[in-house]
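Start at 1 with the first residue, then count along the sequence. Hydrogens, waters and symmetry mates play no part in the numbers below; they use all other heavy atoms, side chains included.
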Amino acid sequence: MTSLESVVGFAELAKQMQKRSAKKGFDFTLMVVGESGLGKSTMINSLFLRDLYSDRIIPNAADRIQKTVEISTSTVDIEENGVRLRLTIVDTPGFSDAVNNDNCWSPIIDYIDRQYETYLRDESGLNRRNIVDNRIHSCL
């Protein structure tokens, strides 16, 4: 027989959830938006102590004139003190580089909307075990 003072074990639930989450890891998607040359890449590299843009080619001035906003993503797995982080950086080279910047934010808004729609579709499906979360969690 168990007494009323015996331990049920739910006091350990928070620790169990924390261990499970740390083992599974976290997804974090960061979008950086700004004009070319502001130091977005330098800030991201120094923030996460990684060179995320080592293979990037910087276009010359003639190529930048015709360039429109393009969205590029790079993903890196970081582990610190046993906690795994899948970091996705969404960069927007070419944002606000044109002379006429009317609706220059439209591709960015469309990208964010697509990511949320994709996540909602995946969450509404039958197989929700391995959903990759590419929603934008923070925008700088």
Side-chain angles (χ1 to χ4, degrees):
M1 291 282 187
T2 59
S3 69
L4 292 177
E5 296 177 11
S6 66
V7 177
V8 175
F10 66 85
E12 297 294 317
L13 186 61
K15 291 179 187 174
Q16 291 172 2
M17 294 297 289
Q18 182 181 10
K19 285 180 184 178
R20 184 182 305 160
S21 295
K23 182 179 178 183
K24 180 182 174 190
F26 300 95
D27 292 330
F28 187 75
T29 304
L30 175 66
M31 177 180 261
V32 288
V33 180
E35 294 179 24
S36 297
L38 287 179
K40 300 180 302 292
S41 304
T42 304
M43 184 190 77
I44 295 300
N45 287 337
S46 62
L47 185 64
F48 294 104
L49 301 175
R50 303 256 193 268
D51 189 9
L52 298 175
Y53 301 101
S54 60
D55 58 346
R56 187 166 85 182
I57 299 169
I58 299 174
N60 59 22
D63 292 337
R64 282 191 223 169
I65 292 173
Q66 300 299 324
K67 193 169 188 171
T68 59
V69 177
E70 65 181 46
I71 296 174
S72 63
T73 62
S74 59
T75 302
V76 64
D77 291 320
I78 301 173
E79 186 168 340
E80 182 177 303
N81 296 331
V83 178
R84 294 185 346 209
L85 173 68
R86 181 180 167 267
L87 174 66
T88 303
I89 303 295
V90 179
D91 198 359
T92 57
F95 176 78
S96 189
D97 283 349
V99 174
N100 183 2
N101 287 320
D102 288 344
N103 298 322
C104 64
W105 59 85
S106 294
I108 296 169
I109 299 298
D110 293 341
Y111 178 82
I112 293 172
D113 286 342
R114 274 195 317 271
Q115 298 308 313
Y116 275 86
E117 288 170 3
T118 301
Y119 187 80
L120 178 62
R121 186 182 64 240
D122 291 345
E123 273 286 315
S124 301
L126 295 175
N127 186 9
R128 293 179 285 198
R129 201 172 274 279
N130 296 321
I131 295 175
V132 177
D133 187 3
N134 286 326
R135 296 174 296 171
I136 304 299
H137 297 106
S138 181
C139 182
L140 299 176

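- Applying the ring pair (Phe, Tyr, Trp, His ring centres under 6.0 Å) test to pairs two or more places apart or on separate chains, none has a residue in residues 71-94.
- Identified under the salt bridge (Lys or Arg N to Asp or Glu O under 4.0 Å) test for residues 25-39, with sequence neighbours left out: Asp27-Arg86.
- Here the closest non-hydrogen pair linking Pro107 and Ile71 is O-CD1, 3.5 Å.
- Interatomic distance, CG of Leu85 versus CG of Asp77, reported as 8.0 Å (0.5 Å rounding).
- Pairs of residues two or more places apart, or lying in two chains, never qualify as ring pair (Phe, Tyr, Trp, His ring centres under 6.0 Å) while including a residue from residues 74-94.
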Practice task
Could you walk me through whether Leu30 and Leu140 pass side-chain contact (heavy atoms from CB on, under 4.5 Å), step by step?
Solution key: CA-CA 8 Å; Leu30 175 66; Leu140 299 176; 3.9 Å; yes
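- Here Ile131 sits in one hydrophobic cluster together with Tyr119; the rule is ILVMFWY side chains under 4.5 Å apart, joined directly or through other members.
- A distance of 9.0 Å separates CD1 of Ile112 from CD of Gln115, quoted to the nearest 0.5 Å.
- To the nearest 0.5 Å, atoms OG (Ser74) and CG (Leu87) are separated by 7.5 Å.
- A side-chain donor-acceptor contact under 3.5 Å links Lys40 to the backbone of Gly34.
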Practice task
Output, in order, the C-alpha distance, side-chain angles, deciding distance and verdict of side-chain contact (heavy atoms from CB on, under 4.5 Å) for Tyr116 and Asn134.
Solution key: CA-CA 8 Å; Tyr116 275 86; Asn134 286 326; over 6 Å; no
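- Val132 and Ile89 end up in different hydrophobic clusters when Ile, Leu, Val, Met, Phe, Trp and Tyr side chains are linked at under 4.5 Å.
- Qualifying salt bridge (Lys or Arg N to Asp or Glu O under 4.0 Å) partners for Arg114, counting only residues two or more places apart in sequence or in other chains: none.
- Ile44 and Leu38 fall into different hydrophobic clusters, where Ile, Leu, Val, Met, Phe, Trp and Tyr are joined by side-chain heavy atoms under 4.5 Å apart, directly or via other members.
- By the side-chain hydrogen bond (donor to acceptor under 3.5 Å, both in side chains) test, Thr88 pairs with Thr75, sequence neighbours left out.
- Annotation: side chain to side chain contact (heavy atoms under 4.5 Å, CB included) contacts of Leu120 (sequence neighbours excluded): Ser124.
- Under the 4.5 Å side-chain criterion, counting only non-hydrogen atoms from C-beta, Asp91 is not in contact with Thr73.
- Within the structure, salt bridge (Lys or Arg N to Asp or Glu O under 4.0 Å) contacts touching residues 130-140 (residues at least two apart or in different chains) are Asp133-Arg135.
- A search for side chain to side chain contact (heavy atoms under 4.5 Å, CB included) contacts involving Ile109 returns Trp105, Asp113, not counting sequence neighbours.
- Within the structure, the ring pair (Phe, Tyr, Trp, His ring centres under 6.0 Å) test picks out the following pairs touching residues 121-140 (sequence neighbours left out): Phe28-His137.
- Between the Thr92 side chain and the Val32 main chain, a donor and an acceptor come within less than 3.5 Å of each other.
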Practice task
Would you check, one step at a time, whether the test side-chain contact (heavy atoms from CB on, under 4.5 Å) holds for Ile78 with Val76?
Solution key: CA-CA 6 Å; Ile78 301 173; Val76 64; 4.2 Å; yes
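- For the pair Gly82 and Glu79, the tightest heavy-atom approach, listed with the atom from each and the gap, is CA-OE2, 3.8 Å.
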